A.B. asks: 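To start, I am sharing the structure in question, which I have written as structure tokens.
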Amino acid sequence: GQQLNQSPQSMFIQEGEDVSMNCTSSSIFNTWLWYKQDPGEGPVLLIALYKAGELTSNGRLTAQFGITRKDSFLNISASIPSDVGIYFCAGRGSNYKLTFGKGTLLTVNP
Amino acid sequence: DAGVTQSPTHLIKTRGQQVTLRCSPKSGHDTVSWYQQALGQGPQFIFQYYEEEERQRGNFPDRFSGHQFPNYSSELNVNALLLGDSALYLCASSLAPGGAGETQYFGPGTRLLVL
């Protein structure tokens with residue numbers, strides 16, 4: 001099935017560092033979503049973006065909806081150990097389904 | 001405010017068997033979507049139910065079928081199980097249609113192992 005191009009595939013950082021990850025698509029999306037998934041659990045919504053160019057923050061997390069509507073990025077500032085997990089981007093076009101990236105595995109070294 | 005719930009949490013089946021997974025949406029939501037997540041991959045859309053009808057379907061064979069009940073809860077049925085059906089099955093609920101209401105919230109998933 002179709003998946004978005006999400007990078008990097010994995011990151012290993014020190015506590016306190018900032019993190020950036022992004023997603024690109026060959027298709028235009030109307031909505032971009034960022035989720036975090038812990039082992040054995042379902043994805044938890046972090047940030048939802050609904051308009052091209054939109055920049056939204058949720059605590060230490062900031063995400064932007066690309067102006068071309070084909071990309072989005074997520075930044076995490078001042079990382080902490082509990083940020084560890086897999087981060088997924090997801091986009092929705094004119095239909096109802098979400099298309100997901102393959103995920104970015106984040107490891108934070110205390 | 002109850003979130004999305006799924007049952008069972010884990011399930012082991014053998015090839016050729018049939019399985020039914022269940023989902024109760026978040027309070028106030030009327031739309032349920034099902035996803036399959038293989039190990040190391042992002043979730044893949046199976047189908048979405050709204051007003052007790054399948055509204056859209058992903059690239060999955062007819063062995064995968066579903067149902068939505070009047071209380072908005074939903075079932076996913078998989079017939080003639082294959083080894084490749086082993087995965088985490090996720091249910092997501094949302095309000096339909098339009099705008100922020102379509103944001104999907106996920107349950108914890110059902111881990112299916114086919115032997």
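Heavy-atom basis, side chains included; hydrogens, waters and symmetry copies ignored. Because the structure is predicted, anything quoted here is derived from the model rather than measured. Chain letters run A, B, ... following the sequence lines, proteins first and then strands; every chain starts at 1.
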A.B. asks: Other residues, nucleotides and ligands only: do more than 12 of their heavy atoms fall within 6.0 Å of CG on B:Leu115?
C.D. replies: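 Atom CG in B:Leu115 is crowded, with more than 12 foreign heavy atoms closer than 6.0 Å.
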A.B. asks: Can you tell me if B:Tyr72 has over 12 outside heavy atoms packed within less than 6.0 Å of its OH?
C.D. replies: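 At most 12 heavy atoms, drawn from other residues, nucleotides or ligands, come within 6.0 Å of this atom.
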A.B. asks: List the steps, then state whether side-chain contact (heavy atoms from CB on, under 4.5 Å) holds for A:Tyr50 with B:Thr103.
C.D. replies: CA-CA 10 Å; A:Tyr50 302 107; B:Thr103 299; 2.4 Å; yes
A.B. asks: Working to the nearest 0.5 Å, report the span between CG of A:Leu45 and CD of B:Gln104.
C.D. replies: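 The distance works out to 10.0 Å.
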A.B. asks: Can you name the nearest heavy-atom pair linking B:Leu90 to A:Pro43, along with the distance?
C.D. replies: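 Where B:Leu90 meets A:Pro43 most closely, the heavy atoms are CD1-CD, 3.8 Å.
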A.B. asks: Just checking B:Gln17: does its CD atom have more than 12 heavy atoms from other residues, nucleotides or ligands closer to it than 6.0 angstrom?
C.D. replies: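 Yes.
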A.B. asks: Is chain A contacted by the side chain of B:Gln6, its backbone, both, or neither, given a heavy-atom distance below 4.5 Å?
C.D. replies: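 Neither; nothing under 4.5 Å.
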A.B. asks: Would you indicate whether A:Gln14, at its atom CD, is surrounded by more than 12 heavy atoms from other residues, nucleotides or ligands within a distance under 6.0 Å?
C.D. replies: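 Atom CD in A:Gln14 is crowded, with more than 12 foreign heavy atoms closer than 6.0 Å.
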A.B. asks: Contact part of A:Gln37 toward chain B, heavy-atom cut-off under 4.5 Å: side chain, backbone, both or neither?
C.D. replies: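 Looking at A:Gln37, just its side chain touches chain B.
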A.B. asks: For B:Arg57, is the CZ atom crowded, meaning more than 12 foreign heavy atoms sit under 6.0 Å from it?
C.D. replies: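 More than 12 within 6.0 Å, yes.
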A.B. asks: Do B:Phe45 and A:Arg92 come within less than 4.5 Å of each other through their side chains, counting heavy atoms only?
C.D. replies: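 With C-beta onward as the side chain, the pair stays apart.
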A.B. asks: Would you say B:Phe47 ends up clustered with B:Val4 if hydrophobic residues are merged whenever their side chains have heavy atoms under 4.5 Å apart, either directly or through other cluster members?
C.D. replies: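 No, separate clusters.
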A.B. asks: With a 6.0 Å cut-off (strictly less than), is the heavy-atom count around NZ of B:Lys13, excluding the residue itself, greater than 12?
C.D. replies: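 Atom NZ in B:Lys13 is packed in, count exceeds 12.
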A.B. asks: Looking at B:Tyr35 and A:Leu98, would you say the former's side chain and the latter's main chain have a donor-acceptor pair under 3.5 Å?
C.D. replies: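 Here the side-chain-to-backbone pair exists.
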A.B. asks: I'd like to check B:Tyr105 versus A:Val44 (side-chain heavy atoms, cut-off strictly below 4.5 Å). Are they in contact?
C.D. replies: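 Not touching, per the 4.5 Å side-chain cut-off.
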A.B. asks: After noting the C-alpha distance and the side-chain angles of B:Gln48 and A:Lys97, does the key distance pass the side-chain contact (heavy atoms from CB on, under 4.5 Å) rule?
C.D. replies: CA-CA 8 Å; B:Gln48 184 181 81; A:Lys97 70 173 188 176; over 6 Å; no
A.B. asks: Return the CD to CZ distance between B:Gln41 and A:Phe88, rounded to the nearest 0.5 Å.
C.D. replies: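 If we round to the nearest 0.5 Å, B:Gln41:CD and A:Phe88:CZ are 8.5 Å apart.
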